[in-house]
There are 2 protein chains.
Amino acid sequence: MKRNTWQREAVRGALDANDGFVSAQALHSALHATGSPIGLATVYRALADLAVKGDADSLQSPEGESLYRACSTNLHHHHLICRNCGLTVEIEADAVERWAKDVAAQNGFTQAAHVVDVFGLCAACTAKAAASA
Amino acid sequence: MKRNTWQREAVRGALDANDGFVSAQALHSALHATGSPIGLATVYRALADLAVKGDADSLQSPEGESLYRACSTNLHHHHLICRNCGLTVEIEADAVERWAKDVAAQNGFTQAAHVVDVFGLCAACTAKAAASA
DNA sequence: GGGTTACTTGAGAAGTGTTCTCGATCACGT
DNA sequence: ACGTGATCGAGAACACTTCTCAAGTAACCC
Ligand SMILES: [Mn+2]
Ligand SMILES: [Mn+2]
Ligand SMILES: [Zn+2]
Ligand SMILES: [Zn+2]
C-alpha cells in the first residue's frame, strides 16, 4: 500500500507546473528554490513511481539524462522536444506505430518496444538564437 | 592530423568483429580477453572518434549506456536491436524520415533530429527464453 | 637512420547521474 | 492514541564516462 506524503504531492505538483520535460535534479532544485527541504533521493523515487504508474512519461535526453513530464494523456504517444528550453509537443502517429510493430515481426523479434523522439529548437528558441547570432 | 596507432586499429577491428551493438566496456573486455593491453580511456576515445567520423553508429541503450556498432552503410538508417544479445538489423524507412521532418516543421521547430530505435528479443533469444521458462 | 615535436596513451583521479543503506520519521489502519 | 511498517533523507556507494598528466611514440624533416 502506497502512502500519501507531502513529498510525493510536491513532486507531482512541480511536474505539473512544468510544461516541458525536466530532470530529477532540475525538479529537486526547483523545489528547493521554493523552500522545500525535500531530499534528492525522494525526488528520484517519486518520479520513478509516477513513471511506473503511467502518470508521467520519461525519456532519455541525447546526453543520457532521464527526463520526466506529466503528460495530458496516458495513451501511448511520442514527443517533439526543444533541446534548449524543454518545451514539448505531444505527437501521435499511427503510421509509426504500425511500422515499428511490423518491422519487428518481419524480423522475428518479439516483445518489441520502440523509442521515437524528435528533438529540435522550438520557434521561440530559434528566434532567440538568430537574434544573438 | 590523426595518427595511426595499433590501439585505434584494434578498436576498429573489434567493432567489425562484432555484429551487434556493444558498449565501450564490453569492447575493452573483449580486447583484454585476447591479450591486448589497451586502456579503457583509449577505447572510449577511439569509439567517439569513429562515431564522429561516421564510421560507427552509436545509440543509447534503454539503461543509458552508449553502444556502438560498425554499420554496413554510412547512409542514415535505424536499428532493430535484440536487448538480450545485441543482434542488430539495420532498417530504413523513408516514411518515418518524412514524418519526422514534417512534424517538426509543422510545429515551428528547426534543426530537428530524431531518435528512432526498436528493441526486442530476436528469434534465437525468444526461443531460448521459452525453453528455459 | 636520427632527431624533433606534437599527438596519443593509460593509470588513476575526478565528474555525473542514479541507486543504495539504514537509522529516524511518519502515515494510516486499528 | 498506538503500533507497525512504509517512507524519508544524508551520505555512501555505484556505474559509466571524461579528465589529468607523465611517459610513449607516429609522423615529419633533415
Ligand atoms: Mn509509438
Ligand atoms: Mn531516420
Ligand atoms: Zn525552446
Ligand atoms: Zn538476441
Side-chain angles (χ1 to χ4, degrees), chain A residues 1-15 18 20-53 55-69 81 83 86 115 117 119, chain B residues 1-15 18 20-53 55-69 81 83 86 115:
Chain A
M1 57 296 272
K2 196 129 284 191
R3 293 184 184 172
N4 294 326
T5 65
W6 65 262
Q7 286 95 335
R8 278 196 217 285
E9 281 183 29
V11 170
R12 181 187 285 263
L15 248 204
N18 243 299
F21 273 89
V22 279
S23 69
Q25 312 218 22
L27 217 52
H28 181 241
S29 292
L31 284 163
H32 263 212
T34 70
S36 171
I38 191 171
L40 177 58
T42 302
V43 174
Y44 272 104
R45 286 189 281 239
L47 287 174
D49 287 350
L50 288 172
V52 165
K53 272 210 310 173
D55 288 347
D57 281 7
S58 71
L59 58 82
Q60 292 193 4
S61 74
E63 291 76 34
E65 205 175 2
S66 286
L67 304 181
Y68 297 85
R69 179 167 189 265
I81 305 145
R83 65 175 133 254
V115 178
D117 296 303
F119 291 88
Chain B
M1 62 290 273
K2 196 129 283 188
R3 291 185 187 172
N4 294 327
T5 65
W6 65 262
Q7 286 95 336
R8 279 197 217 285
E9 280 182 28
V11 170
R12 180 187 285 263
L15 247 204
N18 242 298
F21 273 89
V22 280
S23 68
Q25 313 218 20
L27 217 53
H28 181 242
S29 292
L31 284 163
H32 263 213
T34 72
S36 170
I38 190 171
L40 177 58
T42 302
V43 175
Y44 272 103
R45 285 188 282 238
L47 287 174
D49 286 350
L50 287 172
V52 165
K53 272 210 309 173
D55 289 347
D57 279 7
S58 72
L59 59 82
Q60 292 194 3
S61 75
E63 291 75 37
E65 205 174 3
S66 284
L67 305 180
Y68 297 85
R69 179 167 189 267
I81 304 144
R83 66 175 131 252
V115 178

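Residue numbering restarts at 1 for every chain, and letters A, B, ... go by the order of the sequence lines.
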Engineer: Calculate the interatomic distance between B:N4 atom CG and C:dT9 atom P; express it in whole Å.
Structural biologist: 10 Å

Engineer: Can you measure B:I38 atom CD1 to C:dT9 atom C1' for me and round it to whole angstrom units?
Structural biologist: 9 Å

Engineer: Within less than 4.0 Å of OP1 or OP2 of C:dT8, is there a side-chain N or O belonging to B:T42?
Structural biologist: no

Engineer: Between B:S66 and A:K2, which has a closest nucleotide on DNA chain D that is more 5'?
Structural biologist: A:K2

Engineer: Out of D:dC8, D:dG9, D:dC19, which nucleotide sits closest to the side chain of B:A41?
Structural biologist: D:dC19

Engineer: Between C:dG10 atom P and B:H28 atom NE2, what is the distance in whole Å?
Structural biologist: 8 Å

Engineer: Does A:T5 have a side-chain nitrogen or oxygen under 4.0 Å from the phosphate oxygens OP1 or OP2 of D:dC8?
Structural biologist: yes

Engineer: Tell me the closest heavy-atom pair linking A:L40 and A:A24, and the distance in Å.
Structural biologist: CD1-O, 4.4 Å

Engineer: Kindly say whether, by distance alone, the side chain of A:R3 makes a donor-acceptor pair under 3.5 Å with the base of C:dC28?
Structural biologist: no

Engineer: Rounding to a whole Å, what distance do you find between B:R12:CZ and C:dT8:C1'?
Structural biologist: 17 Å

Engineer: How close do A:Y68 and A:L15 get, heavy atom to heavy atom, and via which atoms?
Structural biologist: O-CD2, 3.8 Å

Engineer: To check you understand the geometry: which heavy-atom pair defines the closest contact between A:I81 and A:G86, and what is its length?
Structural biologist: CG2-O, 4.2 Å

Engineer: What's the NE2-C1' distance between B:H32 and C:dA11, to the nearest Å?
Structural biologist: 11 Å

Engineer: At less than 3.5 Å, do the side-chain atoms of B:R45 and the base atoms of D:dT18 form a donor-acceptor pair?
Structural biologist: no

Engineer: Could you check how far CG of B:L40 sits from C1' of C:dA13, rounded to whole Å?
Structural biologist: 14 Å

Engineer: For B:L67 and D:dA15, what is the distance between atoms CG and P respectively, to the nearest whole Å?
Structural biologist: 17 Å

Engineer: Which one of B:Q7, B:R8, B:H28 satisfies the side-chain contact (heavy atoms from CB on, under 4.5 Å) criterion with B:V43?
Structural biologist: B:H28

Engineer: Select one nucleotide: of C:dG17, D:dG9, D:dC16, the one nearest the side-chain heavy atoms of B:Q25.
Structural biologist: D:dC16

Engineer: Starting the side chain at C-beta, find the nucleotide from C:dC20, C:dG10, C:dT18 nearest to B:Q7.
Structural biologist: C:dG10

Engineer: Strictly distance-based, threshold 3.5 Å: is any side-chain N or O of B:Q60 a donor or acceptor partner for the main-chain N or O of A:P62?
Structural biologist: yes

Engineer: Pick the nucleotide of DNA chain D nearest each of B:W6 and B:G64; which residue has the one closer to the 5' end?
Structural biologist: B:G64

Engineer: If the cut-off is 4.0 Å, is A:Y44 near the phosphate of C:dT18, judged by side-chain N/O to OP1 or OP2?
Structural biologist: yes

Engineer: Roughly how many Å is it from CD in B:E63 to P in C:dT18, rounded to a whole number?
Structural biologist: 14 Å

